[in-house]
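Just below is one structure, and these are the notes that go with it.
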Amino acid sequence: MAAASAVASTVSAISNHVAAGHLFAAIDALPACSASSLLPPSLYASLLRLATSRRSLAAARRVASHLASSSSSSPSTSISSTPTFLFNRAIESLAACGSLADAREMFDAMPRRDGGSWNAIISASSRAGHPAEALSLFADMNSLGIRPKDVTLASVLACCAECLDLRGAQQLHGHMAKRDFQSNVILGTALVDVYGKCLVLTDARRVFDGILQPNDISWNVIIRRYLLAGMGDMAVHMFFRMVWAGVRPLVYTVTHAMLACRDNGALKEGRCIHTFVLRHGYEHHVHVRSSVVDMYAKCGDIDAAQRLFNLAPKKDVVMSTSVVSGLAACGRFADAKRVFDGMEQHNLVSWNAMLTGYVKSMDLTGALDLFQQMRHETKELDVVTLGSVLNACTGLLDLGKGEELHALALKFGLFSYPFLMNALVRLYSKCGCLRNAERLLLFEMGSERDRFSWNSLISGYERHSMSEAALHALREMQSEAKPSQSTFSSALAACANIFLLNHGKQIHAYMIRNGYDIDDILQSALVDMYSKCRLFDYSSRIFELGLSNDVILWNSMIFACAYNSKGDYGLELFDEMRKQGIRPDSVTFLGALVSCISEGHVGLGRSYFTLMTDEYSIVPRIEHYECMIELLGKHGYMVELEDFMDHMPFEPTTAMWLRIFDCCREYGNSKLGERAAQRINDSKPLTPVVFVESTPDYECSGSDDAEPMSFC
DNA sequence: CTAGGGTTAG
């Protein structure tokens, strides 16, 4: 009797402390363990609830250990007096206060477990970020023959999603089918999410269609999964069905639908959803607004994007960044810069958007300057930043700056990003540091290298006259990656450089055997390779394969004629292409001029030069002037040559003077010849020249002699 | 849960 009244007063003391929110006072009032089995379970439950709401692990531990010891200290009866549900609450509380380890210890130590215990520890593990552990507990539970409750299934499904455990999800699907759970909105939706996350959208859709009353969350899940799986068209389709079914979309469902339109370039549908947004009051949500602006910017209606942006009362970073990149993408570069400069603040993404804008618009020094400014204003940078700036360096062939960026990448721990590594391989390849490029590709990229890395390396070798190395790299590449058209185009150029006809033929045959499409680029690479290897007939057969209106292919063929002493045929092609309405470019004219030189068509060549400058407004390059000098000089048009030179927009180069010098000596033009000699000597050559007219028995072509020009 | 990259070739 006395014991009972003591317990009663303890209980009321603890209850009062709990009611007053004095958690630790309540715990301190707990009696010694031996007597506590008499305390009512609801008291423990309220203590645990309070500990959980305070997130106090210390309190939860004390209550839990009190429970555990009072349970084990009553061995008199074979059945513990502490109800299992209290242990379950303790497990939940310990986990909620942040210690999964304590929860697990309690779970392992408890005398009896029911479905609730398993559910408690499984959801605790799942929530604590240990989905694999939760799944293995779930398997243990199954093997004991304990039937999971619907809540347990929901949390296990979430774990499968987390672990991308498709097989697990399929097994759960089986469980659910047996118990007719799949039409349940919550479980059905969870299953849709797992299948969607594992990218089996057909199964996700089948489950979705089996849900009796899909709610806004179910619709959101299927739409989101279609979007993330890259099936934007289906996401948009489902959005319209959702609206049609009379379910009001969640805010994020609207943004997902908008993003799906953006990904698909679906401007029409995007406009439609924009109208929906305005009509149903979603337009005040920042993310919705941003997604609409972004949709317009990406789908090519940049004016609509800018209009909305200008009307927006608050222009946040995200929306401004969308507009900046949209403007930059469509070439309205100055406008992009204006918006960028008008932004209240920049973050990493907005800096990057502007940087890539500069690179896209080919203002590469502008990109480097902006990067400089960025480094002053923020410490942040990432792979995108470095990738863009590296692209700028590559374009500028600025190896020094590129190396600095490489060092910076290492300093920021940004290695092993294939995108960045490929940018570095490209930089080093383009700049001729093939050793560095090769080292990166072979030793640092490991299995991360792909066909882009190899292609950069191979084209680097080819362009830097290391044709054998290019072909060797092609072999290496073939054992791990499928070469692309561009790979072969570099390889063919390499064969052409060193006249490896058989190798070139093999590549040609390989491409045909393996079904590669021989496009304009490959066609011209083949024309080039065969013509340099003196198989002119092959070149013209390749050329005549298809009627192409690609200038560069025509150029290759015209040069093929020139290499193979068929200048007149090349000039016919030149006329033919103009007849077909193909606009010649500066390379075409170069080919025409070269043909005129070899065929001795001085007047024609002069008229082509005029045609190029006057009719086609092509600014002649140094090579064109060299051709004209050669054309006039080689055929003895000395008066015209002197006149031509006097009208050049720049001072002839030393190489030009040297050629003029030779021509003057051959054809006898002492006035110009002496002038040439003077210019040559002004450039301080190792061997000064003196102008003396050629005697008939002097052989000009013997110019390999030690002192070809000074025979004073 | 909204914004930034995407490579290679004649």
Side-chain angles (χ1 to χ4, degrees), chain A residues 220-221 223-224 227-228 250-256 258-259 262 285-295 297-298 305 309 315-326 328-329 340 343 346-357 359-360 381-391 394-395 417-427 429-430 449-460 462-463 470 477 481 483-494 496 519-529 548 550-557 559-560 587:
Chain A
N220 184 60
V221 164
I223 289 169
R224 174 161 183 264
L227 171 73
L228 295 178
L250 298 170
V251 166
Y252 283 110
T253 313
V254 179
T255 65
H256 292 144
M258 220 62 214
L259 294 179
R262 173 198 67 180
H285 194 283
V286 211
H287 290 185
V288 172
R289 271 196 124 92
S290 291
S291 68
V292 175
V293 170
D294 197 43
M295 184 277 296
K298 293 270 163 32
F309 175 72
K315 296 159 175 56
D316 73 335
V317 206
V318 173
M319 200 187 288
S320 314
T321 305
S322 287
V323 174
V324 168
S325 66
F340 181 78
M343 286 170 68
H346 299 132
N347 62 12
L348 191 51
V349 177
S350 54
W351 280 108
N352 287 346
M354 198 61 229
L355 270 176
T356 58
V359 177
K360 269 182 209 144
L381 57 84
D382 68 0
V383 260
V384 178
T385 321
L386 290 179
S388 308
V389 189
L390 273 171
N391 285 341
T394 306
Y417 284 86
F419 170 70
L420 197 54
M421 294 303 261
N422 276 346
L424 283 166
V425 171
R426 205 162 55 243
L427 168 86
S429 296
K430 271 251 163 75
R449 60 184 174 237
D450 55 16
R451 63 204 163 95
F452 295 117
S453 344
W454 283 108
N455 285 349
S456 300
L457 185 73
I458 292 171
S459 91
E462 187 273 309
R463 292 200 173 181
M477 171 186 187
S484 54
Q485 288 172 310
S486 73
T487 321
F488 289 125
S489 118
S490 301
L492 286 169
D519 63 4
D520 288 341
I521 296 178
L522 280 173
Q523 243 177 293
S524 74
L526 284 166
V527 165
D528 207 45
M529 187 273 294
S548 171
D550 182 55
V551 200
I552 302 180
L553 179 54
W554 283 82
N555 290 350
S556 301
M557 195 58 215
F559 271 98
V587 179

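Remember, predicted model here, so these are calculated numbers, not experimental data. Convention: sequence-line order gives letters A, B, ...; per-chain numbering from 1.
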Indicate yes or no: at least one non-hydrogen side-chain atom of A:D520 is less than 4.5 angstrom from one of A:I552. no
Just compare [options] and give me whichever is closest to any side-chain atom of [X].
X      : options              : result
A:R224 : B:dA3, B:dA9, B:dC1  : B:dC1
A:N347 : B:dT8, B:dA9, B:dA3  : B:dA3
A:A353 : B:dG4, B:dG10, B:dA3 : B:dG4
A:R262 : B:dG10, B:dT8, B:dT2 : B:dT2
A:H256 : B:dG6, B:dG10, B:dC1 : B:dC1
A:S484 : B:dT8, B:dG10, B:dA3 : B:dT8

Checking all strands, does [X] fall into the base, sugar-phosphate, or nothing category for heavy-atom contacts under 4.0 angstrom?
X      : answer
A:L259 : sugar-phosphate
A:D294 : sugar-phosphate
A:S459 : sugar-phosphate
A:S490 : sugar-phosphate
A:D382 : base
A:H285 : nothing
A:S322 : sugar-phosphate

Interatomic distance, CG@A:L420 vs CG@A:L390, rounded to 0.5 Å, equals 6.0 Å
Does [X] get its side chain close enough to the base of [N], under 3.5 Å, for a donor-acceptor pair?
X      : N      : answer
A:N555 : B:dG10 : no
A:S486 : B:dT8  : yes
A:N455 : B:dA9  : no
A:H287 : B:dC1  : no

In whole angstroms, how far is the [atom2] atom of [N] from the [atom1] atom of [X]?
X      : N     : atom1 : atom2 : value
A:Y252 : B:dT2 : OH    : C1'   : 8 Å
A:M477 : B:dT7 : CE    : P     : 15 Å
A:I223 : B:dC1 : CD1   : P     : 18 Å
A:F452 : B:dT8 : CZ    : P     : 9 Å
A:M343 : B:dG4 : CE    : P     : 12 Å
A:D450 : B:dT8 : CG    : P     : 12 Å
A:D316 : B:dA3 : CG    : C1'   : 9 Å
A:W351 : B:dA3 : CH2   : C1'   : 16 Å

Does a donor on one side chain sit under 3.5 Å from an acceptor on the other, for A:D450 and A:N422? yes
Minimum heavy-atom separation for A:S490 to A:S459, with atom names? OG-CB, 3.4 Å
Taking only side-chain nitrogens and oxygens of [X], does any of them come within less than 4.0 Å of OP1 or OP2 of [N]?
X      : N     : result
A:R449 : B:dT7 : no
A:R451 : B:dT8 : no
A:K298 : B:dG4 : yes

List the residues meeting salt bridge (Lys or Arg N to Asp or Glu O under 4.0 Å) with A:R451, not counting sequence neighbours, and say none if there are none. none
Across all chains, not counting sequence neighbours, the side chain to side chain donor-acceptor pair (under 3.5 Å) partners of A:Q523 are none
Determine, step by step, whether A:S484 and A:N455 satisfy the side-chain hydrogen bond (donor to acceptor under 3.5 Å, both in side chains) criterion, reporting the C-alpha distance in whole Å, the side-chain angles of both residues, the deciding distance to 0.1 Å, and the verdict. CA-CA 8 Å; A:S484 54; A:N455 285 349; 3.0 Å; yes
